[in-house]
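So that the names make sense, note that chain A is the first sequence line, chain B the second, and so on, each numbered from 1.
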Amino acid sequence: MKVSTRIRPAAATITSVKPFTAAVALATVLPVAGYAQSDSPDFSADLLALDGNNSEIPEVLTTTRLRQSKLKVPGSTTILTGDMLRNLGVQNLVEAFRLVPGMVVGDRGSTNPVTSYHGTSQYEQRRLQVQIDGRTAYRISLADVDWIAMPVALENIERIEISRGPNSAAYGINAFLGSINIITRSPQDTAGAEAYASAGSRGHLRTFTSVGDSNLGGSWRLSYEKRKSNGYDSQVEGGEEIPFHDGHDVNNFNFDSIIRLDDNHSVDVRAGVLEGVNEEDLNKSGKLGATTDPDIQMNDYYLQLRFDGATSDTHFYHVQASYQNQRRRQRWSVSIPATTINALLPPGSPAFPTNQGPFIADLNEDSEEARQEFELQDTLIFNDDLKLVSGLGYRKDTYISETFFNGRGNNYQSRVFANLEYSPQRWVTFNFGGNWEKTTTTDEGYFSPRAATNLIFNDNHALRFVFSRAVRTPDAFEQSPDWSYRPSNVQAPFEALEGYRIVIEDLLDPSTSTYGKELEEEWITSREISYFGQFHLDRALLSVEIRYFNDHFRDMISGIINEEEWYIDNNVAIDQEGAELEASLDFSGTMLRASYGYLEQDEWYTGDPSALPAKQQEKAVDLMGRLSARNSGSVAWIQDWPLELTSSLAYYWTNEVRESRFERADFRLARRVDLPDYSYVLALTIQHYLNPKPWMSPDNRIEDQNQYFVEAGVRF
Amino acid sequence: MEQRNSDALTTRSTGRSGKTISRLLPGLILLFFVTVVSAAGAPSRTVYVAGSGNTALDQHLTKLLQQRVGENTAVLPIAENELSSIKDAPVVAVGPSAFSKARQANRSAAILGMLVEEDLVSRFAERSPGQISAVYYNVPLLRQALTGKVILPHATKVSILATPTSAGLYEAVLDQLSGYGMQGRVFLVESSDDLIPTLIRALGYGDFLLAASDDAIYNPRTIKHILLTAYRRNRIVIGPSQAYVKAGSLASSYAPFPAMASLAADYINAYFNDGTLPPPAYPEQYRVEVNDQVARSLNIPLPDREEIAGLVNEKLAETGGPDNE
């Protein structure tokens with residue numbers, strides 16, 4: 001915890017700067033007299049080239065792609081540092097977002113984590129852009145964010161920037177409600193070897209090992225993380241508590257490297273492999289008469305290359321290309337009464353005997369998704385008052401699934417984006433940005449603009465007025481489903497159905513089905529008035545950010561997708577407003593932090609009144625608010641003590657989602673010892689659930705209100 | 001230089017006079033008078049300066065010394081091959097190389113080191129005790145640590161990188177830091193491959209990195225990487241010298257040449273008074289060098305250089321003054 005209570009000098013205006021590769025010579029260029037006091041004549045005046053962009057005012061990269069101070073950034077952005085998350089004893093990545101005003105974190109289905117900003121989500125979160133080091137990380141064609149399979153270890157996180165509010169102007173159509181940018185630690189800062197393990201309640205186990213090296217020519221890091229959990233203790237089925245098969249076991253390998261070509265050019269090479277199993281419970285996730293748990297086998301990998309260059313202190317660029325592949329293998333056995341099977345057969349087909357047992361076979365929801373992404377970004381600093389970032393991107397999304405798409409398909413997206421920051425006076429900054437994008441999902445082009453005015457007072461306070469619009473296009477499955485199941489390992493007397501295609505469209509209620517209907521894009525128009533300020537107290541630094549927002553959602557896609565019902569459509573509108581607070585007080589050895597979000601939503605059905613019965617209309621509206629919490633917040637306190645002890649206390653609450661409230665207090669005590677040859681840390685974390693009732697789903701049951709976790713780590 | 005040549009010329013001319021005395025008598029008489037007259041105004045004491053090889057530096061130091069020892073003491077340069085012939089005159093050796101050569105060339109001469117560090121002088125004193133002393137060039141680590149404390153008042157933890165052989169040198173300052181509301185920790189760099197990993201651990205501990213004069217760690221080959229890594233972690237580097245501040249270290253205290261020359265002149269005068277050099281010591285006056293560009297980049301507003309130096313002196317004075325260093 002570092003704090004400075006000094007006031008920034010007038011001369012030290014925050015300048016936007018180049019990426020890390022760009023060289024700003026910090027060395028004082030002074031003529032060295034013949035008798036200058038120098039014992040190292042080998043030093044040259046410009047020996048040190050360094051990115052001169054550190055600033056006392058927090059800076060963010062995510063919002064516009066320009067490095068901007070919070071005084072000039074066009075929107076509210078939460079910064080979660082990796083150190084803070086580790087000090088608070090955050091046990092898995094998705095839990096970190098409880099610290100973000102307006103975000104809700106929970107579990108759906110067989111403990112599949114979900115987080116949302118301002119709700120507007122059904123189960124899968126499909127309206128947040130999530131990136132890891134600039135690489136898109138949400139699922140490709142079955143829009144969702146798979147936090148269990150997120151290929152990043154907590155120990156490798158430098159910081160997470162959450163841009164709250166539509167950010168399509170910078171990142172395109174999925175940054176509908178906001179964007180999450182997970183920035184990993186530079187391998188330059190992790191040279192050496194590290195080992196870490198934590199274990200705790202409900203089968204929690206996480207191990208992390210990392211090796212790496214760094215020199216002036218470059219640096220690299222190879223890390224391996226295992227994360228494992230048994231999930232919740234039990235579920236309720238038929239009024240009884242029974243074991244819940246909802247854990248996961250994931251192995252994640254990451255390689256990160258930077259090759260420095262010279263002071264102005266470098267290449268980043270990143271690659272990763274993730275494999276594991278996400279347990280799905282038969283009772284919770286089983287379909288079509290499942291008799292075995294439909295566990296999901298995960299096999300993902302990615303490769304990312306990025307070239308950073310600078311032609312001068314005021315002009316820099318990067319070219320990035322990435323490829324990622326996500327395979328899911330989900331298979332289970334089913335037992336379906338013969339009468340049901342007979343009903344599915346085409347008219348005139350001979351019926352199977354009904355007295356020889358049920359139809360027994362295996363079904364699958366296997367899928368493979370791939371994403372190729374290319375991006376060019378160019379930044380021009382005309383002067384301190386005028387900066388322009390612009391670029392273009394291209395993406396090819398490929399999906400392969402016999403079940404969901406009856407084969408394979410592709411979607412293509414092309415886009416251009418730009419943001420201009422203009423400060424005609426010291427006290428005012430304008431940002432104008434936009435993203436034009438064309439996607440084959442709808443075969444249309446969209447422009448997402450953003451305009452903002454920041455009024456800056458005393459170099460420490462800013463009042464922002466932000467207007468933005470964003471779109472989200474339906475994902476491939478919503479737009480172009482071809483859903484069916486092909487039984488395999490079919491047992492007698494149904495062998496003839498081996499490979500037979502059971503088409504879901506045939507099972508759907510034709511009176512409500514919108515299956516195959518072409519969907520349009522969703523729109524959000526957002527207005528934000530926010531304040532950011534820093535108060536330099538005598539021995540402390542107080543930072544406050546308050547956001548008021550007023551959003552209008554139109555043509556929201558809502559409804560049900562399952563093997564019995566399919567009635568999604570652009571049929572819901574939402575008006576929402578609210579306020580959010582984020583504050584921190586830092587002084588030497590102490591950090592206090594608080595966040596709070598208040599949200600009011602007004603939703604109504606806008607679809608064809610005759611298309612759906614009233615009950616389904618209500619359901620479609622209700623789904624949009626399923627993850628919306630009127631009140632949520634957090635309070636955290638991290639304190640250094642003598643004897644190298646650090647304690648943290650955190651309190652999280654969310655009130656309420658689906659008539660459940662989340663309330664938990666975490667306490668962590670850690671001792672970090674730095675010895676001449678190595679450092680180690682030992683920690684104990686206790687999570688106390690103040691509200692013993694299951695959160696979000698009645699099946700998310702925890703027997704002991706106190707959950708315990710121990711950690712041990714060593715670094716050489 | 002001019003005086004010494006004159007002496008040599010006098011000696012040689014006297015030798016020749018025995019052989020050709022009759023023919024050169026008028027000239028010898030004239031030369032005798034010139035020599036006598038010259039000797040009558042010449043300094044009565046001589047100090048030799050074994051230079052560093054950097055002509056400008058040697059001349060600058062010689063001039064400062066000459067100004068301080070007074071007119072009756074000649075400050076004369078001496079070549080390496082003449083060191084062994086020195087008797088009853090102190091030798092000021094400038095820099096570690098000259099100090100080492102002077103000591104090896106002449107074990108009986110009194111040698112006063114300048115621009116040498118405590119570590120070097122201590123090693124010589126252990127190996128071959130004799131008439132050696134020094135005005136230390138390196139800055140006391142406590143003073144450097146307090147320089148960092150003045151710049152970052154909230155700082156409570158100080159990291160120091162050391163090699164296994166140099167680690168012991170920092171025990172004293174580790175003890176002293178607690179008196180100033182700080183605690184320090186030494187991180188061992190076992191090999192060059194170990195430097196950055198150890199640095200990363202050190203940066204995780206300390207509010208700033210206190211760079212000591214340890215060439216095995218801080219040298220032109222490593223300093224850029226060290227500074228880049230430190231600043232990326234938002235940690236400042238203090239020390240070890242002015243040169244490193246020019247390279248990108250945020251600040252360093254340093255003893256100005258006039259202060260070092262004054263102390264050296266005091267030692268020379270003491271030698272001529274009682275025949276021995278006082279024990280090696282640090283100068284009493286220090287200034288602070290800062291790198292304004294680094295400070296601006298890290299957004300650390302710096303007090304005025306003199307103010308920093310003054311505040312450091314104040315802190316030292318509160319606990320016994322510079323002697324406590």
Excluding sequence neighbours, so at least two apart, what forms ring pair (Phe, Tyr, Trp, His ring centres under 6.0 Å) with Y680(A)?
none
Okay, E194(A) and chain B: the region with an atom under 4.5 Å from a heavy atom over there is neither
Among the options G212(A), S186(A), P676(A), pick out the one with the most heavy-atom pairs lying under 4.5 Å from chain B.
P676(A)
Here the gap from Q183(B) atom CD to D207(B) atom CG, rounded to the nearest 0.5 Å, amounts to 9.5 Å
Please look at E190(B) and chain A and tell me whether the side chain, the backbone, both or neither of the residue comes under 4.5 angstrom of a heavy atom of that chain.
side chain
If the threshold is 4.0 Å, N to carboxylate O, is there a salt bridge linking E306(B) and R287(B)?
no
Side chain, backbone, both or neither: which part of R233(B) has a heavy atom under 4.5 Å from chain A?
side chain
Can you tell which part of T190(A) gets under 4.5 Å to a heavy atom of chain B, answering side chain, backbone, both or neither?
backbone
Which residues pass the side-chain contact (heavy atoms from CB on, under 4.5 Å) test with T62(B), not counting sequence neighbours?
V49(B), V75(B)
Of S219(A), G192(A), S214(A), the largest count of non-hydrogen pairs under 4.5 angstrom with chain B goes to S214(A)
Please assess W641(A) against S647(A) for the test side-chain hydrogen bond (donor to acceptor under 3.5 Å, both in side chains), listing each intermediate value before the final yes or no.
CA-CA 8 Å; W641(A) 302 97; S647(A) 68; 2.7 Å; yes
